[in-house]
2 protein chains.
Amino acid sequence: MDGNKVKNMEEFAMLSGISRPTLSKYFHDSESVRTSTRDRIEKALAEHDYRPNIYAMNQNRRTTNNIGIVVPFLADPFFAEIARNLEQRCIAAGYSPILFSAHGDAALEVEILDSLRSQKPAGVLLAPLGRASDRGHIEKFTAEIPTVLFDSRLPDMGTAFVGMDNTQSMQMLVNYLCETGSPPNFFEMRVAVNPNVNRRRAAYVSAMEALGHMPEIVQVDGEGWEFEDIGLQGGLTAFATGRFTSNTVLCSNDRLAIGLLSAAYRSHLTVGQGEHHDFRIAGHDDHPFSRFTCPALTTVSQDYASMSDKSLEILFEVINSEHRTEIGSDCLFDGILISRASA
Amino acid sequence: MDGNKVKNMEEFAMLSGISRPTLSKYFHDSESVRTSTRDRIEKALAEHDYRPNIYAMNQNRRTTNNIGIVVPFLADPFFAEIARNLEQRCIAAGYSPILFSAHGDAALEVEILDSLRSQKPAGVLLAPLGRASDRGHIEKFTAEIPTVLFDSRLPDMGTAFVGMDNTQSMQMLVNYLCETGSPPNFFEMRVAVNPNVNRRRAAYVSAMEALGHMPEIVQVDGEGWEFEDIGLQGGLTAFATGRFTSNTVLCSNDRLAIGLLSAAYRSHLTVGQGEHHDFRIAGHDDHPFSRFTCPALTTVSQDYASMSDKSLEILFEVINSEHRTEIGSDCLFDGILISRASA
DNA sequence: AAAATAAGTTGACGCGCGTAAAGTTTCTCA
DNA sequence: TGAGAAACTTTACGCGCGTCAACTTATTTT
């Protein structure tokens with residue numbers, strides 16, 4: 001690698017002794033040229049500092065090899081972890097991931113999709129904000145660009161979706177909690193951020209009823225994505241005013257549960273299994289921090305790896321299918337019960 | 001906005017009655033055209049669906065209006081939070097942020113910088129991996145592209161840096177802990193991931209010595225970025241084998257402290273201030289989750305907002321200065337003591 | 001070894017936009 | 001009001017690469 005930078009493909013063609021169209025083919029798909037040719041190119045590449053101009057490359061292509069990844073809130077470690085999985089798999093598959101976070105802001109989500117569209121990505125993995133999302137805008141986007149929704153399913157959106165089976169997971173949690181102690185109350189935010197929340201509540205209710213127990217839902221106020229804080233504040237007043245009718249509380253998600261654990265601690269209530277504890281608390285999602293709470297949080301885990309794999313598998317399928325309509329296939333994963341000390 | 005999409009600027013020039021060069025000027029800087037012209041353009045923009053082809057736009061420009069943001073590990077909420085701050089400020093300043101995470105992998109960090117270079121960004125905000133980073137590569141990169149390092153300072157790198165004053169913050173913590181109870185042990189990972197770690201240890205030692213106390217450092221094994229787990233595992237054995245010579249432990253960062261809190265809980269040791277608790281534990285960074293641990297974690301906060309502002313301010317300065325050499329200005333922020341229940 | 005096929009070369013054109021030069025219109029201010 | 005300045009239009013070229021057509025060379029097949 002001599003320091004002199006090669007200006008363009010023309011010049012690199014001279015230096016390498018390979019014609020420009022062949023180089024163009026190589027850079028688009030290195031497997032598409034003969035082995036001997038590939039070796040010659042890669043030898044020249046090692047000797048000279050040349051990288052194709054990505055802007056010129058993409059200008060005339062109808063689609064690039066970029067894959068957009070859009071999450072609603074990246075400061076949530078849950079999404080950070082999913083994004084990490086997806087990114088690494090995209091790279092492994094030869095694509096360039098571009099990561100976006102809507103930061104909980106619907107207007108920003110729209111802007112992201114707009115700017116994404118003009119980047120002509122091969123495909124997009126989109127975890128929508130949910131309730132706040134501009135439904136029409138997203139629908140228009142998905143009609144234009146191969147998209148797989150994940151985590152949060154938007155109703156009546158005819159696109160592929162990968163997520164977890166909230167009904168199954170909540171039922172499993174309820175059953176577990178009922179078997180090992182008192183039937184749980186359900187703890188959630190009053191305003192549902194996304195459809196998952198509604199599905200989880202419904203699953204809680206029906207699972208309780210199936211066991212002959214009375215469902216009991218405790219809703220707390222709070223807007224936005226600061227779930228831990230909402231869980232903490234709501235939990236403090238709930239404990240103080242005795243709103244829980246059971247010593248077992250099932251939270252809509254782990255972040256609320258983390259807040260609620262904190263509220264319990266501050267209310268001098270102990271959490272854990274067995275007679276000598278005041279409450280049992282369980283969550284949902286296997287948030288990366290749930291292992292480290294005090295006590296460690298009982299929850300349901302999503303298999304990040306499998307879900308990422310499946311999302312990309314479906315996306316590639318959509319990308320490669322000419323008739324890119326009506327791939328409204330849903331793929332739901334079962335959760336796995338993670339039994340820890342808190343319940 | 002009629003549905004028909006406008007193919008290119010030429011066509012939009014026809015439709016809007018504005019010449020293409022003027023449109024070009026407008027899209028590069030909307031302030032650079034007369035108000036009356038701007039109004040006409042924006043009226044046409046509202047009526048027709050046109051967005052310039054970003055690839056064609058950037059192909060001939062020496063630099064784009066993209067700003068790269070590179071963090072070492074995005075699944076760490078600390079970096080997620082910083083990235084969020086930086087992103088929003090970039091957008092507000094009219095730039096397009098592009099976010100990358102090295103996922104703790106030095107090879108990936110190099111790849112990111114390479115691909116970033118070919119994207120011709122106006123500037124880059126880089127929080128390097130630290131110890132693992134390919135120093136030479138980063139230095140070459142910063143020589144070529146306006147870069148501001150943040151969070152982790154690489155030694156002998158002549159680029160602007162924004163971070164916190166670890167010496168000040170550790171000294172403050174040590175003083176606080178000594179005033180309110182026993183002098184602390186220092187809890188850290190054996191292998192230092194970045195220079196901050198070394199600086200914090202040194203600051204601990206000198207602060208202790210200044211107060212006439214014997215520094216006592218407890219190091220735990222573990223590689224990678226799973227700090228909580230390392231803190232937990234190391235903490236369990238440290239408690240079991242009685243390695244702490246004081247009932248007060250100052251952790252190198254909050255994530256280790258979160259692990260150590262968990263270890264204490266599992267070891268049936270209570271954490272908090274006062275006689276009736278077994279240990280006091282403090283951290284460093286004001287990690288987004290520190291407010292919610294049980295007990296809430298005493299720590300030092302970094303002012304995310306101010307640091308983000310300053311980083312971008314310096315970056316813009318570097319971008320706009322012709323002689324882009326020797327802006328080796330360091331900007332260190334004082335930490336603020338966040339006194340919570342754990343110490 | 002000849003024929004068929006795959007891969008590479010040469011030459012040329014186009015993409016959508018940046019940008020420069022020269023001429024024209026509009027604005028600003030004495 | 002009448003200059004001079006500022007903004008705009010017209011025309012034209014170039015950027016770096018994708019891609020097509022026609023031809024040549026290397027490899028595989030029978």
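Treat the numbers as computed from the prediction; the structure is a model and nothing was measured. Keep in mind that the numbers below use all heavy atoms, side chains included, and drop hydrogens, waters and symmetry copies.
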Any A:S19 side-chain N or O less than 4.0 Å from OP1/OP2 of C:dG8: no

Is any side-chain nitrogen or oxygen of B:S24 closer than 4.0 Å to OP1 or OP2 of C:dG18? yes

Quick test of your reading of the model: are A:K310 and A:E313 salt-bridged, counting only N-O distances below 4.0 Å? yes

Determine yes or no for a side-chain-to-main-chain donor-acceptor pair under 3.5 angstrom, with B:Y55 supplying the side chain and A:Q119 the backbone. yes

Got a donor-acceptor contact below 3.5 angstrom from the B:T64 side chain to the B:K120 backbone? yes

When you look at B:H103 and A:Q88, which way does the side chain to side chain donor-acceptor pair (under 3.5 Å) test go after all the steps? CA-CA 9 Å; B:H103 299 312; A:Q88 289 175 330; 4.7 Å; no

Roughly how far apart are A:L74 CG and B:L74 CG, rounded to 0.5 Å? 4.5 Å

Between [atom2] of [N] and [atom1] of [X], the distance in whole Å:
X     : N      : atom1 : atom2 : value
B:I54 : C:dG18 : CD1   : C1'   : 16 Å
A:I18 : C:dT9  : CD1   : C1'   : 11 Å
A:Y26 : C:dT9  : OH    : P     : 15 Å
B:N58 : C:dT19 : CG    : P     : 11 Å
A:Y55 : C:dG18 : OH    : C1'   : 15 Å
A:R38 : C:dA7  : CZ    : P     : 11 Å

Shortest non-hydrogen separation from [X] to [Y] and the atoms involved:
X      : Y      : result
A:V124 : A:P121 : CG2-CG, 3.9 Å
B:A102 : B:L108 : O-CD2, 3.4 Å
A:C90  : A:I69  : SG-CD1, 4.4 Å

Hey, do the aromatic rings of A:F150 and A:F333 have their centres closer than 6.0 Å? no

Opening and closing nucleotides of DNA chain D in contact with chain B, under 4.0 Å to non-hydrogen atoms: D:dA7 to D:dG16

Restricting both atoms to N or O, compile the protein contacts to nucleotides 28-30 of chain C shorter than 3.5 Å, with distance only.
none

Below 3.5 Å is the cut-off: list the nitrogen or oxygen pairs between protein and nucleotides 12-14 of chain C, distance only.
from   : atom 1 : to    : atom 2 : distance (Å)
C:dA12 : N6     : A:R20 : NH2    : 3.3
C:dG14 : N2     : A:N60 : ND2    : 3.1

Can you sort out the partners of A:N85 under side chain to side chain contact (heavy atoms under 4.5 Å, CB included), two or more places apart, ordered by chain and number? A:E81, A:R89, A:Y304, A:A305, A:S308

Paired with B:Y26, the side chain to side chain donor-acceptor pair (under 3.5 Å) test is passed by just one of B:R40, B:R38, B:E42, B:E31, namely B:E42

When you measure from every atom of DNA chain C, which of residues 28-37 of chain A have a heavy atom less than 4.0 Å away? A:V33, A:R34, A:T37

Residue of the set A:T159, A:V110, A:L129, A:L154 for which side-chain contact (heavy atoms from CB on, under 4.5 Å) holds with A:I138: A:L154

Partners meeting salt bridge (Lys or Arg N to Asp or Glu O under 4.0 Å) with B:D76 (sequence neighbours left out): B:R255

